[in-house]
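If you're wondering where the values come from, they're calculated on a predicted model, not measured in any experiment. Computed over heavy atoms, backbone and side chain alike; hydrogens, waters and symmetry mates excluded. In this chain, numbering begins with 1 at the start of the sequence shown.
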Amino acid sequence: MSHKEDNETKNSSSRTDLYAKIPRTCLPIVYHPDYNITFMGLEKLHPFDSGKWGKVIHFLKEEQFINDGNIVEACEAAEEDLLVVHTKRYLNRLKWSVVVASITEIPPLLFLPNFLVQRRVLRPLRTQTGGTIMAGKLAVERGWAINVGGGFHHCSSDRGGGFCAYADITLAIKFLFERVEGISRATIIDLDAHQGNGHERDFLGDNRVFIMDMYNRYIYPGDGYAKRAIKRKVELDWGTEDSEYLQKVELHSEGALNEVRPDIIIYNAGTDVLDGDPLGGLSISPQGIIKRDEIVFRAAKRRGIPILMVTSGGYQKKTARVIADSILNLHHQNLIGAEAVEGEGSSSSLVTHMMCSHGASGSKFTSV
């Protein structure tokens, strides 16, 4: 898309509920209980902890950092929202349970009626996708935002995989490009243990998007075609530990932001780099992940660049605790916090939750 076409699109974008105004009384932390996938135990057939997002919120509440009244409730992305990036053909393919079973790597799904698969598996993923799009706008407005879910970096416009059915990172960027004045360049810093081949395929040849990707070179997806989109590629070996890892995170995140100054950073903060993760193959400690996130947020804040964080992969029960501890550390380091929501007085007409007006009807594994 040319810049002229992009500017024209900003004036003709279709209506969406995902960019509704959020009260300043809310922290730019996006979540919905529907993020969590529970379906007769079938979710346990994949190593992904499909309830980790709710656990993160539980831990943050325990530490009294958030409560139900000061976080943003995510809305499900409607089909019209998804069509900003996805092809109609791809979305129609998701109406076949066998396709969803392949994407999510849960084979028994292929035997279930698709209306159940839509309700219990795809709706949670669409809600997380809506959360990422919402968090993109919030990041621009507040300087930072965190979607407690999302980070489906293996999905592109016309194909899913690795538990990723919707291209939320691409969608968040395209929404910003099309709807928010002054946002014309984005940098993706992808620190999940796996290559982010979905957004790479979507932005191949698009000079508005700079991609830094740091991943285990030996694991899924090994997408050589998508690698052509990476502007700063950092391939890691099996068992990489904290010292080498953090040195590379700092060197290359600083280098990426020095090379091109973006209007927004999308930070894919996968925790499958954690030591012992069955899919990531790296050996990073919980403290290393906390420091990693601090390095990225500090680099963004030093330059005054808005940052959107999504949580992506992570396949151990302790992952949720690590994510929560990292968010708390960002707060303690004054990199995020309540100061971002000061400025507008309260009003009796303000609400503290976003209410959704659509979509509210009642093995060998790879990755997210």
Side-chain angles (χ1 to χ4, degrees), residues 28-29 56 60 65 135 139 142-148 150-151 153 169 186-196 199 210-217 230-237 239-275 277 280 282-314 318-337 339-340:
I29 295 176
V56 172
L60 293 177
F65 177 53
R142 313 288 182 87
W144 66 275
I146 297 171
N147 182 15
V148 174
H153 65 157
I169 292 174
T187 289
I188 299 171
I189 296 179
D190 194 334
L191 300 186
D192 187 272
H194 300 82
Q195 176 199 353
H199 58 72
F210 185 102
I211 299 175
M212 169 190 159
D213 200 350
M214 184 163 134
Y215 54 87
N216 184 337
R217 71 175 77 218
I230 304 173
K231 303 294 198 308
R232 185 170 284 255
K233 179 172 62 177
V234 188
E235 296 189 323
L236 303 174
D237 292 321
T240 298
E241 296 181 346
D242 284 14
S243 179
E244 176 187 353
Y245 181 77
L246 292 174
Q247 183 180 27
K248 288 183 174 179
V249 168
E250 184 158 23
L251 173 66
H252 291 286
S253 58
E254 291 283 343
L257 296 175
N258 286 339
E259 187 170 343
V260 174
R261 180 183 173 87
D263 302 310
I264 182 77
I265 297 166
I266 293 80
Y267 173 37
N268 197 47
T271 46
D272 50 1
V273 300
L274 187 63
D275 187 27
D277 189 279
L282 303 177
S283 299
I284 310 307
S285 70
Q287 296 75 23
I289 289 175
I290 291 168
K291 183 63 178 177
R292 174 199 71 175
D293 295 349
E294 180 185 330
I295 288 170
V296 176
F297 269 76
R298 196 172 295 283
K301 185 171 184 178
R302 188 184 309 118
R303 293 168 173 81
I305 303 172
I307 182 168
L308 158 61
M309 170 176 156
V310 290
T311 58
S312 203
K318 59 184 176 181
T319 293
R321 179 78 257 182
V322 175
I323 295 170
D325 286 345
S326 181
I327 293 172
L328 291 168
N329 179 65
L330 294 174
H331 175 54
H332 294 151
Q333 298 295 326
N334 295 316
L335 297 171
I336 65 172
E339 68 280 356

**Message:** I need the Asp275 CG to Glu241 CD distance, nearest 0.5 Å.
**Reply:** 8.0 Å
**Prompt:** Any side-chain heavy-atom pair from Phe210 and Arg232 closer than 4.5 angstrom?
**Reply:** yes
**Message:** Which residues pass the side chain to side chain donor-acceptor pair (under 3.5 Å) test with Arg303, not counting sequence neighbours?
**Reply:** Glu254, Asn258
**Item:** By side chain to side chain donor-acceptor pair (under 3.5 Å) - contacts of Asp190 (at least two apart)
**Value:** His153, His199, Asn268
**Item:** salt bridge (Lys or Arg N to Asp or Glu O under 4.0 Å) against Lys248, all qualifying residues, sequence neighbours excluded
**Value:** Glu244
**Prompt:** Under a 4.5 Å cut-off applied to non-hydrogen side-chain atoms, are Ile189 and Ile265 in contact?
**Reply:** yes
**Message:** My understanding is that only residues two or more places apart in sequence, or in another chain, count here; which of them pass salt bridge (Lys or Arg N to Asp or Glu O under 4.0 Å) with Asp242?
**Reply:** none
**Sole candidate of Asp192, Thr271, Asp272 that passes side-chain hydrogen bond (donor to acceptor under 3.5 Å, both in side chains) when paired with Ser312** = Asp192
**Item:** Smallest separation among heavy atoms of Asp293 and Leu330, with atom names
**Value:** O-CD2, 3.8 Å
**Asked** Val322 and Pro286: which non-hydrogen atoms are nearest, and at how many Å?
**Response** CG2-CB, 3.9 Å
**Asked** Counting only N and O atoms by type, is there a donor-acceptor contact under 3.5 Å from the side chain of Lys231 to the main-chain atoms of Ala256?
**Response** no
**Message:** Would you say that Leu191 contacts Met212 through its side chain, given a criterion of any heavy-atom pair below 4.5 Å between the two side chains?
**Reply:** yes
**Message:** Test your reading of the model: is there a side-chain donor-acceptor pair from Asn147 to the backbone of Val310, 3.5 Å cut-off?
**Reply:** no
**Test side chain to side chain donor-acceptor pair (under 3.5 Å) applied to Arg298 - qualifying residues, sequence neighbours left out** = Glu294, Gln333
**Message:** In the structure I gave you, are the side-chain heavy atoms of Val56 and Thr311 within less than 4.5 Å of one another anywhere?
**Reply:** no
**Request:** Taking all non-hydrogen atoms of both residues into account, name the closest pair between His194 and Tyr215 and its distance.
**Result:** C-CB, 3.6 Å
**Asked** What is the minimum heavy-atom distance between Ile295 and Ser253, and which atoms define it?
**Response** CG2-OG, 4.0 Å
**Item:** Ile323/Thr319 under side chain to side chain contact (heavy atoms under 4.5 Å, CB included): CA gap, chis, key distance, verdict
**Value:** CA-CA 6 Å; Ile323 295 170; Thr319 293; 3.8 Å; yes
**Item:** Heavy-atom closest pair, residues Ala145 and Ala139
**Value:** CB-N, 3.7 Å
**Request:** Side-chain contact test, heavy atoms from C-beta onward, threshold under 4.5 Å: evaluate it for Val234 versus Leu251 and give yes or no.
**Result:** no
**Asked** Quick one: are Val148 and Ile29 in side-chain contact, heavy atoms under 4.5 Å?
**Response** yes
**Request:** Identify the two heavy atoms, one from Gly151 and one from Ile169, that lie closest to each other, and give their separation to 0.1 Å.
**Result:** CA-CD1, 4.3 Å
**Prompt:** Residues in salt bridge (Lys or Arg N to Asp or Glu O under 4.0 Å) with Asp237, at least two apart?
**Reply:** Arg217
**Message:** Tell me whether the rings of Phe65 and His331 are parallel (<30°), tilted (30 to 60°) or perpendicular (>60°).
**Reply:** tilted
**From CD (Gln195) to CD (Glu235), nearest 0.5 Å** = 8.0 Å
